[in-house]
Amino acid sequence: MKKYSKKNGYQIFSMRVPDSFLYGMLILLCLLLIGGLLAAITYREEGILEKSKNEEKKTEKDRKQEDVQEIIVNNPNIRVLIMTDGYANVVHPAVEVSAEQGLTITFGKETQETEAGQSVSFAPDDPRFQEGKIRICAKDGGEITLSSIRRAYGAPSYAGVLELCTTAEGIAVINEVPVETYLCKVVPSEMPASYELEALKAQAVCARSYAYRQMQGYGYPEYEAHVNDSTDYQVYGNSMAQETTNRAVAETAGQVVRYQGQIVTTYYYSTSCGKTAGVEAWGTAPNESNQYLRSVEVKNQDGDYEEALPWYRWEARIPAGTLSNLIGLNTGTDIGTLQTVDVTKTGEGGIALQICATGDKGSVTVDTENKIRRALGGNGYEIMKHDGTTAASGALLPSAFFTVRREGDVFLISGGGFGHGIGMSQNGANEMAKKGKNYTDILTLFFQDVTIEAGVD
């Protein structure tokens, strides 16, 4: 039986041969072994050296798929860099921890234990760092409270291990925790626990798929951390675990979204305008690996799922002087008094891919949805939502699904949706669940030609 294994960065071909085989066959197999090793060394770096044969490409793809599947079965630890208050910094000036039943603190070959509820503080110059990293766990296997920071509900607590690393700037805190446990605090931090169970299950599968993709490398290699706990990746621990979200994680345990056999990055956002966008909204060229992220209509036979929601449609009336100042500030280009704003390129679903703003001193062109939203965002105006309520403008325009026209000294921006528009609309998922759709229905609408799978195929 053929088998590919990985050792020291190389693929090694091995074969077990029954003793009854002829000696000549053994020699032939040895030659095949050498040939297979040389081929593996030659082609192992995909993206650096191009594979010249389709079968070799298939072998590399199958190996990667097997590696990912093994990770899922084992429920590995994810390493999360815990940021400071307001997610402002990646290192802490000091750290204070405690646990209900006490802590076990390990540094070098030494171990210390604390009493139940006792707080322990660490400064960057703590002598225990002389032994290297400090690892902390709760005696009873419970959670460690990190009282030196605050999240939405107060001082957060974490299962697993907290690892502390001293740096020139302060202390880095890494939470090492099984990925399924991690998800129990990601899901309620990313989607309200009051949402429909099937929507929460869709969110759990999205969050799990996203996590596994990030675990294929280190976002912070200096700390061997895969992600941080902010919106840079997925928000983790800003809300406490809830019964409904724990159930959503448990009932989808190990399940991920696959496209062409590979786990994919499952992006999500708040609200759609009835359509989603393709990857070109981010300036990414469509290719074979990202075609699961195509524009789709978020509707059924009765109409758009989200048509009754506040952010489904919105409108902003912005004085020319205000918008002139914001565009100048956000783009770093002084175009003077704004005369026109034109959407010069659109993508799938009608999302704006390029705008040109012209003033009496010049013009500026802005590409991709995020930069466009930032160019037109900022303080100083209100946004009227679909339900008649208003919201203050923020750093980004609600979405890049919009049109713009001038009415006298005011620019009227009429848009729909909230967020980047690529992948799953969370509110769309909830509305679908209300209408009887299950989490598989939801995921296969927003992500095209995918399968929802767990474990080994």
**Student:** Going by the angle between their ring planes, with limits at 30° and 60°, are Y268 and Y210 parallel, tilted or perpendicular?
**Tutor:** perpendicular
**Student:** Output all residues satisfying side chain to side chain contact (heavy atoms under 4.5 Å, CB included) with T284, sequence neighbours left out; order by chain, then residue number.
**Tutor:** V279, W282, N290
**Student:** With sequence neighbours left out, write down each residue that passes side chain to side chain contact (heavy atoms under 4.5 Å, CB included) with R405, or none if nothing qualifies.
**Tutor:** E407, L412
**Student:** Return each pair, listed once, that meets side chain to side chain donor-acceptor pair (under 3.5 Å) where at least one residue sits in residues 243-254; pairs must be two or more places apart or across chains.
**Tutor:** K201-E251, R208-T252, R247-E251
**Student:** As an exercise, state the distance from OG of S295 to CD1 of I422, rounded to the nearest 0.5 Å.
**Tutor:** 10.5 Å
**Student:** What distance do L338 atom CG and I318 atom CD1 have between them, rounded to the nearest 0.5 Å?
**Tutor:** 9.5 Å
**Student:** For the side chain of T389 and the backbone of K385, is there at least one donor-acceptor N/O pair under 3.5 Å apart?
**Tutor:** no
**Student:** Run the salt bridge (Lys or Arg N to Asp or Glu O under 4.0 Å) test against R213 and tell me which residues pass, sequence neighbours left out.
**Tutor:** none
**Student:** According to the ring pair (Phe, Tyr, Trp, His ring centres under 6.0 Å) rule, which pairs have a member within residues 338-397, sequence neighbours left out?
**Tutor:** Y312-H386
**Student:** Can you check whether F447 and Y259 have ring centres sitting under 6.0 Å from each other?
**Tutor:** no
**Student:** Does D302 come within less than 4.0 Å of K435, counting only side-chain N to carboxylate O?
**Tutor:** no
**Student:** Which residue pairs satisfy the side chain to side chain donor-acceptor pair (under 3.5 Å) criterion with at least one member in residues 337-359, sequence neighbours excluded?
**Tutor:** T344-Q354, Q354-D367
**Student:** Should R128 and D126 count as an ion pair when the cut-off is N to O under 4.0 Å?
**Tutor:** yes
